[in-house]
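Just so it is clear, the model here is predicted, and its values are computed rather than measured.
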Amino acid sequence: MYYKITNKKGDLYKKLHELRKKELEIEENNRKLVKEIVGDDWNEFVGHNGQQNFERCTQFNGFKFNHPENLPPKTWVLHKEFGKDGVYVPNKRTKAGREIREKLNNMPHSSIIRVFEILECEMSGRFAYPYVEICDNGAIVVYMSDRYDLEKKFKDIIEITRKEAEGLLEGGAE
């Protein structure tokens, strides 16, 4: 279900806005960190992009390098599944590869648990990853599984259609 929150003075808005703003900063800083760790000779990566994972920040696992011939052979190996596409991952068998892998795995991140805490929802059983985004007009769009009825729980939340949510996220008016 899609929801929007427009009351900028409400507690819920402030908490979700602060969370998402922090996540966007982490995302930006992590992209810079990846360039320091791996370099910038790549255009594609294997991992989890965006907030649709437990850490709510992009996770980098492997890279499709533009010039793989320049890679240190003991540090990088072809990915077992995506190697045919030219994707390399840090080599777990070497010290240099393990160090890169550890740096990539230990980059700052957020947590899906924080969204469930803010929205006072239990995170048990099956669920869809929650989605929280700040729109150009300042509204916050939230997506949660159908099993959570946030409109009943919070007075500042308004249920909207997917089409309305997409319009807001694309910069449309309320």
Side-chain angles (χ1 to χ4, degrees), residues 2 13-136 138 140-145 148 162 165-166 168-171:
Y2 291 90
Y13 180 94
K14 289 176 184 176
K15 288 176 184 177
L16 288 171
H17 189 276
E18 180 183 333
L19 174 71
R20 189 64 190 138
K21 190 174 173 188
K22 178 184 164 200
E23 290 171 349
L24 292 170
E25 288 172 11
I26 291 171
E27 191 80 20
E28 185 179 326
N29 291 334
N30 282 356
R31 295 236 179 231
K32 292 174 187 171
L33 257 174
V34 167
K35 286 187 179 182
E36 288 175 21
I37 297 167
V38 176
D40 60 0
D41 186 37
W42 55 274
N43 292 326
E44 298 176 41
F45 72 94
V46 171
H48 298 283
N49 193 18
Q51 60 179 294
Q52 296 301 135
N53 63 71
F54 280 98
E55 295 185 353
R56 293 189 50 78
C57 293
T58 300
Q59 298 168 321
F60 299 89
N61 299 321
F63 301 88
K64 187 172 182 180
F65 291 99
N66 297 324
H67 301 96
E69 64 276 3
N70 298 336
L71 294 175
K74 290 187 176 184
T75 306
W76 296 94
V77 294
L78 283 169
H79 188 278
K80 286 180 183 175
E81 185 179 345
F82 302 111
K84 64 185 179 306
D85 298 323
V87 175
Y88 286 81
V89 294
N91 187 348
K92 296 186 285 188
R93 296 179 183 209
T94 66
K95 182 179 178 186
R98 285 190 303 271
E99 286 174 356
I100 289 175
R101 185 181 179 99
E102 186 175 325
K103 287 178 184 176
L104 291 172
N105 287 341
N106 292 322
M107 291 193 305
H109 57 84
S110 184
S111 174
I112 190 173
I113 294 169
R114 186 71 184 119
V115 177
F116 281 94
E117 288 174 347
I118 291 171
L119 295 173
E120 300 171 9
C121 294
E122 193 171 311
M123 193 181 124
S124 62
R126 295 180 63 154
F127 62 86
Y129 288 108
Y131 180 83
V132 177
E133 197 59 72
I134 303 167
C135 302
D136 291 342
I140 293 178
V141 169
V142 176
Y143 173 81
M144 288 289 284
S145 291
Y148 305 106
R162 178 181 179 159
E166 288 170 352
L168 285 167
L169 293 169
E170 291 171 3

Is there a side-chain contact (heavy atoms from CB on, under 4.5 Å) between Cys135 and Ile140? Walk through the geometry before answering.
CA-CA 6 Å; Cys135 302; Ile140 293 178; over 6 Å; no

Checking side-chain contact (heavy atoms from CB on, under 4.5 Å) for the pair Arg20/Gln51: CA distance, chi angles, key distance, verdict?
CA-CA 10 Å; Arg20 189 64 190 138; Gln51 60 179 294; 3.4 Å; yes

Using the side-chain contact (heavy atoms from CB on, under 4.5 Å) rule, take Leu16 and Leu119 through it: C-alpha gap first, then chi angles, then the decisive distance, then the call.
CA-CA 9 Å; Leu16 288 171; Leu119 295 173; 4.1 Å; yes

Check the pair Lys21 / Glu25 against salt bridge (charged side-chain N to carboxylate O under 4.0 Å, His left out), numbers first and verdict last.
CA-CA 6 Å; Lys21 190 174 173 188; Glu25 288 172 11; 5.0 Å; no

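Asn106 is linked by a side chain to side chain donor-acceptor pair (under 3.5 Å) to nothing, counting only residues two or more places apart in sequence or in another chain. In this structure, the side chain to side chain contact (heavy atoms under 4.5 Å, CB included) partners of Ile26, at least two apart in sequence or on a different chain, are Lys22, Asn30, Cys57, Pro108. With sequence neighbours left out, Lys92 forms a salt bridge (charged side-chain N to carboxylate O under 4.0 Å, His left out) with no residue at all. Partners of Tyr131 according to the ring pair (Phe, Tyr, Trp, His ring centres under 6.0 Å) rule, which considers only residues two or more places apart in sequence or in another chain, do not exist here.
Evaluation of the salt bridge (Lys or Arg N to Asp or Glu O under 4.0 Å) test over residues 58-70, restricted to residues two or more places apart or in two chains, returns none. Evaluation of the salt bridge (Lys or Arg N to Asp or Glu O under 4.0 Å) test over residues 93-113, restricted to residues two or more places apart or in two chains, returns none. Within the structure, ring-ring contact (aromatic ring centres under 6.0 Å, His included) contacts touching residues 89-122 (residues at least two apart or in different chains) are Phe116-Phe127, Phe116-Tyr148. Legend: salt bridge (Lys or Arg N to Asp or Glu O under 4.0 Å) pairs involving residues 112-132, not counting sequence neighbours, sorted by first then second residue: Arg114-Glu117. Applying the salt bridge (Lys or Arg N to Asp or Glu O under 4.0 Å) test to residues at least two apart or on different chains, the pairs with a partner in residues 48-57 are Glu23-Arg56.
Salt bridge present: Glu166 and Arg162 bring a charged side-chain N and a carboxylate O closer than 4.0 Å. Salt-bridge annotation for Glu18 and Lys14: absent, with no side-chain N of the basic residue lying under 4.0 Å from a carboxylate O of the acidic one.
Using a 4.5 Å cut-off on side-chain heavy atoms (C-beta onward), Val142 and Pro130 make no contact. Looking at Leu71 and Asp41, their side chains never come closer than 4.5 Å, going by heavy atoms from C-beta outward.
Separating the CD1 atom in Ile113 from the SG atom in Cys121 is a distance of 13.5 Å, to the nearest 0.5 Å. Considering CG of Asn61 and CG of Asn105, their distance stands at 7.0 Å, rounded to 0.5 Å. Taken to the nearest 0.5 Å, the NZ atom of Lys32 stands 14.0 Å off from the CG atom of Asp40. Rounding to the nearest 0.5 Å gives a distance of 9.0 Å between CD1 of Ile100 and CZ of Phe63. One distance of note links CZ of Phe54 with CE of Met123; it measures 5.0 Å at 0.5 Å rounding.
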Report, one line per pair, each donor and acceptor closer than 3.5 Å where one atom sits in a side chain of residues 73-90; sequence neighbours left out.
unit_1 : atom_1 : unit_2 : atom_2 : d
His79  : ND1    : Glu81  : N      : 3.0
His79  : ND1    : Phe82  : N      : 2.9
Lys84  : NZ     : Glu81  : O      : 3.0

Please tabulate, for side-chain N and O atoms in residues 42-49, each donor-acceptor pair with protein atoms closer than 3.5 Å (sequence neighbours left out).
unit_1 : atom_1 : unit_2 : atom_2 : d
Trp42  : NE1    : Gly39  : O      : 3.0
Asn43  : ND2    : Asn66  : OD1    : 2.9
Asn49  : OD1    : Thr58  : OG1    : 3.1

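Closest of all the heavy-atom pairs between Ala128 and Ser145 is N-OG, 2.7 Å.
In this structure, Tyr143 has its ring center at least 6.0 angstrom away from the ring center of Tyr129.
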